[in-house]
Structure formats: structure tokens, C-alpha cells
Amino acid sequence: MGDTNGQVVAGSNGQGNRLDQLDRPTEVLIDKETDSLIICDRGNRRVVRWSRRSGTTQGEILIDNIKCWGLAMDDQRYLYISDTDKHEVRRYQIGDKNGTLVAGGNGNATSLNQLNWPAYIFVDQQQTVYVSDEENHRVMKWNKGAKEGIIVAGGQGTGNALTQLSHPQGLFVDTLGTIYVADSWNHRVMRWPKGAKQGTVIVGGNGYGEGANHFNFPIGLSFDQHGNLYVVDYGNHCVQRFSIE
């Protein structure tokens with residue numbers, strides 16, 4: 001907190017596919033059990049793990065040949081990965097290369113058992129999987145073991161009405177089941193209470209731009225323990241923080 005310079009913890013040896021390199025990484029999470037970072041190394045079609053211990057100079061490949069985008073880990077340390085080539089989300093035990101299908105996997109279309117370009121994912125304590133189904137402009141919820149999902153935000157085509165999303169990306173779900181989603185092409189972050197037919201705009205929604213309460217294609221979001229919202233503002237090349245009531 002208060003640092004003006006960051007510290008490189010993985011990569012930084014240029015774009016490439018060596019074990020000390022990354023290529024357009026899209027998502028990272030912390031595995032506290034092994035004190036390591038798990039990274040979707042999308043350009044290299046792999047998921048890699050980098051130890052956080054000082055002196056680490058390269059990562060190790062956990063899963064290869066996967067067009068990953070989003071990552072999540074549940075309380076049992078199962079790893080969830082969205083695959084934008086296969087339009088599916090799979091759950092893996094660390095060390096397992098094949099995984100178990102938990103969402104999508106039936107081609108890219110609009111049926112409830114399908115996804116179209118699954119981006120970010122969120123998994124709750126019941127192993128319920130939430131997916132930002134980007135090209136279907138909706139957020140889907142897949143209960144554990146379900147053969148099809150439930151639309152929990154959007155799903156009314158692309159648009160900027162409060163019932164709609166446009167290319168949703170980053171996701172967070174609180175303990176009440178309230179969904180927070182980066183509504184990327186609408187340049188806003190929305191909140192959808194559990195069971196709601198429409199959402200509310202909590203930040204942005206004023207068109208794209210660089211000013212206060214403006215975004216330029218927000219894609220990632222996260223909350224800290226104090227309830228501050230952090231938004232990856234892709235087009236403005238920054239991360240913004242907001243205090244949300």
C-alpha cells in the first residue's frame with residue numbers, strides 16, 4: 001500500500017513460451033497452500049504455477065493445450081478454468097490434466113446447456129459456478145452437477161438497458177448471491193441482486209472516457225475485505241478503486 005512502483009513476480013523476460021516467459025496472461029490467482037501464483041498464460045495455451053518465494057525464476061506447467069481465459073479456486077483447492085475454444089468450464093484437481101466438465105461444452109450457442117466465449121468465472125462455497133457468458137451477453141449460474149445453467153444476469157440480447165449486458169467480463173458474487181459484473185462494452189459495473197430481473201449501475205455508465213466515473217472497456221473486478229471495489233480499466237491502462245455502499 002502506498003508503493004509507486006510494482007514488483008515483477010512472474011514473467012518479464014519478453015513475450016515467449018519458455019518457462020521463464022508469459023504470453024498475454026489474462027488471469028492470476030493465489031494458491032495460499034503452496035504460496036504460489038496460478039496464471040492463465042493464454043497466448044501459450046497453458047496454465048502455469050509460479051512460486052512466490054524469492055529467487056523463483058520460472059514457472060511450471062499445470063495444464064497444457066487449453067485456450068484459457070478465467071481461473072477460480074474453491075475451498076477444496078479445485079481449480080476451475082474457462083476455455084474459449086471449447087466454450088466450457090472444467091474443474092481440475094491440482095496435478096490432474098483432464099478435469100471434469102462443470103459448465104457448457106455443448107458448442108457455442110444460446111441454449112441453457114451452452115456457453116459462447118466463457119470469460120471470467122466465480123465459484124462459491126457450494127461449488128456453484130458463475131460464468132460471464134460473453135458472446136451471449138449474460139451471466140450463467142451452474143449448480144454443482146447440473147446439466148444446464150440458469151441465467152442470473154442479462155440474457156436479453158446486447159444493449160444498455162438495465163435488463164441487458166454487453167460483453168460481460170469480470171465477476172464477483174457475495175454471500176447473499178448478489179452478482180457484480182463488469183459490463184465491458186457498456187463501460188459500467190452492475191449489481192444484480194439474487195433473483196432480480198434487472199440490475200443497477202454502481203459505477204460508470206456514463207459512456208467511455210478517462211474522467212471520474214468513466215471507463216474504457218472495464219474487464220476485471222475484485223473486492224477487498226473492506227468492501228472497496230477494484231476495476232481493471234482495460235482501455236485506460238489502469239486499475240481504479242471505488243468505495244461501494
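Predicted, not measured: the structure shown is a model, and the values here were computed from it. Counting begins at 1 with the first residue of the sequence.
Applying the salt bridge (Lys or Arg N to Asp or Glu O under 4.0 Å) test to every pair with at least one member in residues 124-133, sequence neighbours left out, gives these pairs: D133-R138. Residue pairs that meet the salt bridge (Lys or Arg N to Asp or Glu O under 4.0 Å) test with at least one member in residues 179-194, sequence neighbours left out, are D183-R188. For residues 95-158, no pair satisfies disulfide (SG to SG under 2.5 Å), with sequence neighbours left out. For the disulfide (SG to SG under 2.5 Å) condition, no pair includes a residue of residues 176-245, sequence neighbours left out. Among residues at least two apart or in separate chains, there is no salt bridge (Lys or Arg N to Asp or Glu O under 4.0 Å) pair with a member in residues 147-159. Applying the disulfide (SG to SG under 2.5 Å) test to every pair with at least one member in residues 116-214, sequence neighbours left out, gives no pairs at all. Among residue pairs with one or both ends in residues 90-108, those qualifying as salt bridge (Lys or Arg N to Asp or Glu O under 4.0 Å) are E88-R90; sequence neighbours excluded.
In this structure, the side chain to side chain contact (heavy atoms under 4.5 Å, CB included) partners of I61, at least two apart in sequence or on a different chain, are L19, R46, V48, D64. Contacts of Q127 classified as side chain to side chain donor-acceptor pair (under 3.5 Å), with partners at least two apart in sequence or in another chain: D74, Q76, K144. Taking the side chain to side chain contact (heavy atoms under 4.5 Å, CB included) definition, one finds that D23 meets it with Q15, D41, N44, sequence neighbours left out. Remark: E33 pairs with D31, R77 by the side chain to side chain contact (heavy atoms under 4.5 Å, CB included) rule, at least two apart or across chains.
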Contacts under 3.5 angstrom, residues 158-165 side chains, donor-acceptor by atom type, not counting sequence neighbours:
{"unit_1": "T158", "atom_1": "OG1", "unit_2": "S166", "atom_2": "OG", "d": "2.9"}
{"unit_1": "Q164", "atom_1": "OE1", "unit_2": "A161", "atom_2": "N", "d": "3.3"}
{"unit_1": "Q164", "atom_1": "NE2", "unit_2": "Q156", "atom_2": "O", "d": "3.1"}

